[in-house]
Protein chains: 2
Amino acid sequence: MLLSKACIYGMRASLFMAAMHKQNRQFVPIREVSDSLDLSFHFLTKILQQLTAAGLMESYKGPKGGIALSRPPKEIMLIEIVTAIDGDALFTECVLGLPGCGHKKACPLHDKWAYTREAIQIMFNSTSLEELASKGKRMNLRLSDELTMEDLIKSV
Amino acid sequence: MLLSKACIYGMRASLFMAAMHKQNRQFVPIREVSDSLDLSFHFLTKILQQLTAAGLMESYKGPKGGIALSRPPKEIMLIEIVTAIDGDALFTECVLGLPGCGHKKACPLHDKWAYTREAIQIMFNSTSLEELASKGKRMNLRLSDELTMEDLIKSV
DNA sequence: TCTATTTAAGACTTATTTGTCTTTAATATA
DNA sequence: TATATTAAAGACAAATAAGTCTTAAATAGA
């Protein structure tokens, strides 16, 4: 699996927040996010804490509280979410798991993998939350098993 | 992590066997492989059973027994080892983990991911054990934390 | 036939990831 | 000030991955 479940859920939640942007709301309660995306509330809470710790989200306690993206969705790249939760091992480590594998001390697959993992990195590095949120709205794409982004925004 | 530990160890063992090819030996004992690569013998045994079940290796019990590649290294592609151990989820599943994500019922990242995962698939699909084994010997590359392919072949 | 060597099979343990639940702290509003 | 609502923190449980150990079955060679 490329990304951990925690990372996948964090990405979905971030995309949900990006889609909710411009809805004239400061903070969205985590419960609303977890219900909308059909994720465990407590598990999602822990994941979102990682994103707030990384400075990608802000949280506020109490009534009218919740979470919010700390920057406009256009300025948040997917790779920030990936590294905040899964770290950068995917983009730095040897595909055969050998410690210190690199140009000088390589495994036989190093060159090909270095090229491929850069393609993965570029995918996450060049894609913003805004890009996916607007594409998702425009093309009516999914963010959960059943519901599209428009469905989700309407339902809250 | 792209590949499971089991898959990584299975790949290293397969590359070791490819490097040992043409050494005038039918079967190489698993103990020799695990000692050479500094892997757990019992764990590696279970992994190799998956490769023999998949028809990639053959095994023989008793004295002079061990394992052997069932085809010449030139005819075994890395993807066969990956799919035998980790399955094909990496090449078929949604990066956001949504069931049934595809062209018709897509997530916002589907198009980019479909392209990137194909690059990963091509990497494994177009690389044979022979290619890596000969490259490893030629360039003195590593197959364990400390030892290169030549080291390993000489030491047995 | 007996013994040593080797893989096969599977029970078992440990570590990590995933998920649940309870309590605490902050805060808006009545 | 009292209450309801919300995130934070952390204990706990379940599921999965990773790794260990023992016994059984096959086989070569003495």
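Each chain gets a letter, A, B and so on, in the order its sequence line appears, and its residues count up from 1.
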Closer than 4.0 Å, any side-chain N/O of S59(B) to the OP1 or OP2 of dT6(C)? no
CZ of F27(A) versus C1' of dT5(D): gap in Å, rounded? 15 Å
Return whichever of F43(A) or Y60(A) has its heavy-atom-nearest nucleotide of DNA chain C closer to the 5' end. F43(A)
Under 6.0 Å from the CZ atom of F41(A), do we count more than 12 heavy atoms belonging to anything else shown? yes
Q26(A) CD: over 12 foreign heavy atoms closer than 6.0 Å: no
Does the side chain of Y9(A) get closer than 4.0 angstrom to OP1 or OP2 of dT18(C) through an N or O atom? no
Tell me whether the rings of F91(A) and F124(A) are parallel (<30°), tilted (30 to 60°) or perpendicular (>60°). perpendicular
Candidate nucleotides dA8(D), dT27(C), dT22(C), ranked by approach to the side chain of P63(A) - the nearest: dT27(C)
Taking the minimum atom-to-atom distance to the side chain of Q49(B), which one of dA18(D), dA9(C), dA8(D) wins? dA9(C)
May I have the distance from I85(B) (atom CD1) to dG19(D) (atom P), rounded to whole angstrom? 13 Å
Measure from CD1 on I67(B) to C1' on dA8(C) and round the result to the nearest Å. 14 Å
Choose from dA28(C), dT6(C), dG19(C) the nucleotide whose nearest atom is closest to any side-chain atom of S40(A). dG19(C)
Report, as yes or no, whether the 6.0 Å neighbourhood of atom NZ on K135(B) holds more than 12 heavy atoms from other residues, nucleotides or ligands. yes
Take the protein atom CG of L44(A) and the nucleotide atom C1' of dA9(D), then report the distance between them rounded to whole Å. 16 Å
Modelled atom types, side-chain donor and acceptor of S144(A) and D38(A), under 3.5 Å: no
Output the rounded distance in Å from CG (L48(A)) to P (dA9(D)). 13 Å
Which one, dG29(D), dA28(C), dA8(D), comes nearest to the side chain of K64(B)? dG29(D)
Quick one: is T52(A) getting a side-chain N or O under 4.0 Å of the dA7(D) phosphate, OP1 or OP2? no
On DNA chain C, check which nucleotide each of H42(A) and G66(B) is closest to and give me the residue with the more 5' one. G66(B)
Side-chain contact check for K46(B): nearest option of dA11(C), dA8(C), dT27(C) is dA11(C)
Round to a whole Å and report the spacing from CD of Q50(B) to C1' of dA9(C). 14 Å
Roughly how many Å is it from CD in E58(A) to P in dA26(C), rounded to a whole number? 18 Å
Residue K5(A), side-chain atoms from C-beta onward, closest of dT7(C), dT18(C), dG19(D): dT18(C)
Which is true for I30(B) with a 4.0 Å heavy-atom rule: it touches a base, it touches only sugar-phosphate, or it touches nothing? sugar-phosphate
Roughly how many Å is it from CZ in F41(B) to P in dT20(D), rounded to a whole number? 12 Å
